[in-house]
Protein chains: 2
Amino acid sequence: MNQSLIEYKECSDCPIRHRAVCARCEGEELDHLESIKYYRSYTAGQSMIWAGDRMDFVASVIEGVATLSQTMEDGRTQMVGLLLPSDFIGRPGRDIAPYHVTAISDVTVCCFRKKPFEELLVTTPQIGQRLLEMALDELDAAREWMLLLGRKTAREKISSLIAIIARRDTELKALLPSGEVSVVLPLTREAMADYLGLTLETVSRQISALKKDGIIQLEGKRKVIIPDLETLMEETGDDTDGGPLY
Amino acid sequence: MNQSLIEYKECSDCPIRHRAVCARCEGEELDHLESIKYYRSYTAGQSMIWAGDRMDFVASVIEGVATLSQTMEDGRTQMVGLLLPSDFIGRPGRDIAPYHVTAISDVTVCCFRKKPFEELLVTTPQIGQRLLEMALDELDAAREWMLLLGRKTAREKISSLIAIIARRDTELKALLPSGEVSVVLPLTREAMADYLGLTLETVSRQISALKKDGIIQLEGKRKVIIPDLETLMEETGDDTDGGPLY
DNA sequence: CTACGCGCTTGATCAAGATCAAGGCGCATT
DNA sequence: AATGCGCCTTGATCTTGATCAAGCGCGTAG
């Protein structure tokens with residue numbers, strides 16, 4: 001998360017910096033559109049949107065990482081999604097935010113006015129298709145997370161989280177996902193706990209245990225060195241033969 | 001679940017029974033289309049699709065209830081979705097099933113050939129939009145379930161499940177969701193456990209406890225009478241003021 | 001420099017839910 | 001009627017992770 005997914009380029013038509021190539025959407029460009037309203041920035045840790053807020057816009061994350069979370073009255077909170085560059089916040093036909101959105105790193109979003117955006121969906125089917133694909137991918141991710149939350153042990157949860165981050169990092173860098181890998185955890189222990197349905201103490205203990213067992217090494221609190229990704233994968237409880245089937 | 005969501009009507013053009021009005025999709029008709037391949041039926045308890053199966057079709061549930069589930073090698077399983085009439089199985093652009101699909105009641109699905117279906121998405125944008133909406137609704141449901149799995153106690157989980165079923169039932173029957181309500185649980189204790197991330201013993205114990213505390217009454221194993229839905233709602237840990245915000 | 005706060009670690013204890021085990025009820029088959 | 005099976009309940013015990021508590025390291029504000 002420490003390296004930008006986006007290259008920007010200047011545009012002669014308007015004063016806004018435009019996304020040129022996004023690593024996740026394969027060069028597709030959605031943002032040079034009439035319906036762009038404005039860009040907006042948030043600093044790490046800032047609450048971007050509160051559950052219940054009125055949303056008169058649809059936003060797309062341009063840079064940075066944000067989280068979606070839900071909270072119960074007594075304060076128990078569960079993270080339910082990560083928002084990465086190219087992900088959308090808000091949705092057509094619903095104007096109250098159902099989740100709390102928090103910036104994890106510094107975040108820039110590109111906001112579309114709701115009405116024009118909805119019209120766009122009708123006039124430009126490929127945008128709708130792209131959104132459908134993204135929604136289905138998120139649904140798959142959410143379901144994988146349900147397995148983790150419902151059935152995995154604390155150690156498996158932590159291992160899964162580290163493995164997922166490592167895998168995404170290596171994918172981004174187009175490296176082979178094997179051998180020694182090092183990643184920087186973009187989350188505090190507490191955020192990890194919220195993500196995994198654990199307490200921060202348990203997260204800390206399990207990380208220490210993985211370290212003691214030589215599965216991972218630590219450099220400071222956040223940087224994790226994985227001597228062998230395969231070994232870590234064995235701790236996740238996932239199918240060993242090659243991750244997701246599809 | 002014991003009453004059909006669908007009215008059928010005969011069609012003079014072809015030998016297939018067509019859906020006339022579906023309670024969930026508000027009368028919309030998707031199925032009288034060139035791309036229909038065939039209807040298929042499954043009996044309660046039957047496995048419809050296994051994770052890893054090749055899927056050369058996209059199906060829509062016409063009648064009955066099915067579940068989506070994921071399994072770890074050692075047998076731990078987690079249900080990740082309920083498939084109700086009008087829900088889709090399979091998706092454009094992916095031809096290996098990622099989940100295990102099991103019929104809970106007798107199920108009828110309507111299968112579309114994959115290719116024509118994908119073409120349909122391009123030529124008929126409103127179908128894509130409908131799918132997008134459905135995917136986003138499922139995503140919301142999945143996220144609510146993540147909160148349940150990650151942060152709720154066993155008692156809250158069971159209460160939530162019963163409340164959800166009750167609410168859906170009363171919605172279907174267009175009744176006020178308050179006062180005395182009775183529902184038939186469409187799941188075995190084991191299926192409930194798989195849904196809630198619990199063991200079947202815990203499910204059984206918590207149901208007994210709710211009964212002892214007068215929150216619910218039982219008639220046989222499956223029929224639940226809820227003297228006061230509000231009281232049950234208090235056990236779910238959810239926001240009391242009116243369920244989902246949106 | 002000192003004090004404070006934040007993020008993290010570690011220890012001691014507790015409790016919720018899992019696990020292991022036995023038995024009950026309803027129902028279909030013989 | 002007897003048998004067996006699927007589904008459920010209940011009890012005894014164990015384990016995992018939560019909770020409560022103390023303290024460390026580091027950056028920053030005063």
Side-chain angles (χ1 to χ4, degrees), chain A residues 43-46 67 72 74-78 102 104-105 148-162 184-213 216-224 235 237, chain B residues 43-46 72 74-78 102-105 148-162 184-213 216-224 235 237:
Chain A
T43 57
Q46 194 179 358
T67 63
M72 296 168 70
D74 61 4
R76 284 176 278 176
T77 93
Q78 175 65 51
T102 312
I104 282 199
S105 59
L148 178 146
L149 289 171
R151 293 302 187 196
K152 288 192 179 178
T153 64
R155 175 184 260 246
E156 288 169 338
K157 286 179 177 182
I158 296 285
S159 304
S160 298
L161 180 61
I162 297 174
V184 175
L185 302 175
L187 305 168
T188 66
R189 300 289 124 107
E190 190 179 16
M192 289 188 239
D194 284 345
Y195 215 140
L196 300 170
L198 297 171
T199 58
L200 67 91
E201 294 95 328
T202 300
V203 170
S204 181
R205 269 187 256 273
Q206 292 299 332
I207 289 181
S208 300
L210 286 175
K211 181 178 157 197
K212 189 162 73 63
D213 296 350
I216 60 172
Q217 289 151 27
L218 288 182
E219 228 181 86
K221 312 286 186 187
R222 296 295 194 86
K223 185 165 181 190
V224 175
E235 300 291 333
Chain B
T43 57
Q46 194 177 358
M72 296 169 70
D74 61 3
R76 282 176 280 174
T77 92
Q78 174 65 51
T102 311
I104 281 200
S105 59
L148 178 145
L149 289 172
R151 293 302 185 196
K152 288 192 179 177
T153 65
R155 176 183 259 244
E156 288 169 338
K157 287 179 176 182
I158 296 285
S159 303
S160 298
L161 181 61
I162 296 174
V184 175
L185 301 175
L187 304 168
T188 65
R189 300 289 125 114
E190 190 180 15
M192 289 188 237
D194 283 345
Y195 215 142
L196 300 170
L198 298 170
T199 59
L200 66 92
E201 292 95 329
T202 300
V203 170
S204 182
R205 268 187 257 271
Q206 293 299 333
I207 289 181
S208 299
L210 286 175
K211 180 179 158 195
K212 189 163 72 65
D213 296 348
I216 60 171
Q217 289 152 26
L218 288 182
E219 227 180 88
K221 311 286 185 184
R222 296 296 194 87
K223 185 166 181 188
V224 176
E235 299 291 332

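Treat the numbers as computed from the prediction; the structure is a model and nothing was measured. Convention: sequence-line order gives letters A, B, ...; per-chain numbering from 1.
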In whole Å, I'd like the distance from the [atom1] atom of [X] to the [atom2] atom of [N].
{"X": "D194(A)", "N": "dC8(C)", "atom1": "CG", "atom2": "P", "result": "12 Å"}
{"X": "K152(B)", "N": "dG17(C)", "atom1": "NZ", "atom2": "C1'", "result": "18 Å"}
{"X": "L187(B)", "N": "dG6(D)", "atom1": "CG", "atom2": "P", "result": "19 Å"}
{"X": "L198(B)", "N": "dC8(D)", "atom1": "CG", "atom2": "P", "result": "15 Å"}
{"X": "R155(B)", "N": "dA18(C)", "atom1": "CZ", "atom2": "P", "result": "16 Å"}
{"X": "R76(B)", "N": "dA18(C)", "atom1": "CZ", "atom2": "P", "result": "12 Å"}
{"X": "E190(A)", "N": "dT19(D)", "atom1": "CD", "atom2": "P", "result": "13 Å"}
{"X": "Q206(B)", "N": "dA18(C)", "atom1": "CD", "atom2": "C1'", "result": "13 Å"}

Checking all strands, does [X] fall into the base, sugar-phosphate, or nothing category for heavy-atom contacts under 4.0 angstrom?
{"X": "T199(B)", "value": "base"}
{"X": "R222(B)", "value": "sugar-phosphate"}
{"X": "G197(B)", "value": "sugar-phosphate"}

*Identify, with sequence neighbours excluded, every residue that meets side-chain contact (heavy atoms from CB on, under 4.5 Å) alongside T102(A).*
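T102(A): side-chain contact (heavy atoms from CB on, under 4.5 Å) contacts with S47(A), T67(A), H100(A).
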*asked:* Quick one, I207(A) and I216(A) - any side-chain contact, counting heavy atoms below 4.5 Å?
replied: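 Side chain of I207(A) against side chain of I216(A), heavy atoms only: contact under 4.5 Å found.
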Side chain to side chain donor-acceptor pair (under 3.5 Å) partners of [X], counting only residues at least two apart:
{"X": "S208(B)", "answer": "none"}
{"X": "S204(B)", "answer": "none"}
{"X": "T202(B)", "answer": "T199(B)"}

*Over all heavy atoms of both residues, which pair between K157(B) and G197(B) is shortest? Give the atoms and the distance, please.*
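Taking K157(B) first and G197(B) second, the nearest heavy atoms are NZ-O, 3.8 Å.
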_salt bridge (Lys or Arg N to Asp or Glu O under 4.0 Å) against R205(B), all qualifying residues, sequence neighbours excluded_ =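 Per chain and number, R205(B) pairs via salt bridge (Lys or Arg N to Asp or Glu O under 4.0 Å) with no residue.
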*asked:* Using the salt bridge (Lys or Arg N to Asp or Glu O under 4.0 Å) criterion, which residues pair with R155(B)? Sequence neighbours excluded.
replied: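 Partners of R155(B) under the salt bridge (Lys or Arg N to Asp or Glu O under 4.0 Å) test: D213(B), E235(B).
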Filtered N/O pairs between nucleotides 9-12 of chain C and protein, under 3.5 Å:
from, atom 1, to, atom 2, distance (Å)
dT9(C), OP1, R189(A), NH1, 3.0
dT9(C), OP2, R189(A), NH1, 2.6
dT9(C), OP2, S204(A), OG, 2.8
dT9(C), O5', S204(A), OG, 3.2
dT10(C), OP2, S208(A), OG, 2.7
dG11(C), N7, R205(A), NH1, 2.8
dG11(C), O6, R205(A), NH2, 3.2
dA12(C), N6, R205(A), NH2, 3.4

Which side-chain N or O atoms in residues 185-195 of chain A pair as donor and acceptor under 3.5 Å with protein atoms at least two apart or in another chain?
from, atom 1, to, atom 2, distance (Å)
T188(A), OG1, E190(A), N, 3.4
T188(A), OG1, A191(A), N, 3.0
R189(A), NH2, K221(A), O, 2.3
D194(A), OD1, T77(A), OG1, 3.4
D194(A), OD1, R151(B), NH2, 3.2
D194(A), OD2, T77(A), OG1, 3.2

*In degrees rounded to 10°, what angle is found between the helical axes fit to the five outermost pairs at each end of the helix from dC1(C)-dG30(D) to dT30(C)-dA1(D)?*
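Inter-axis angle at the termini of the helix from dC1(C)-dG30(D) to dT30(C)-dA1(D): 30°.
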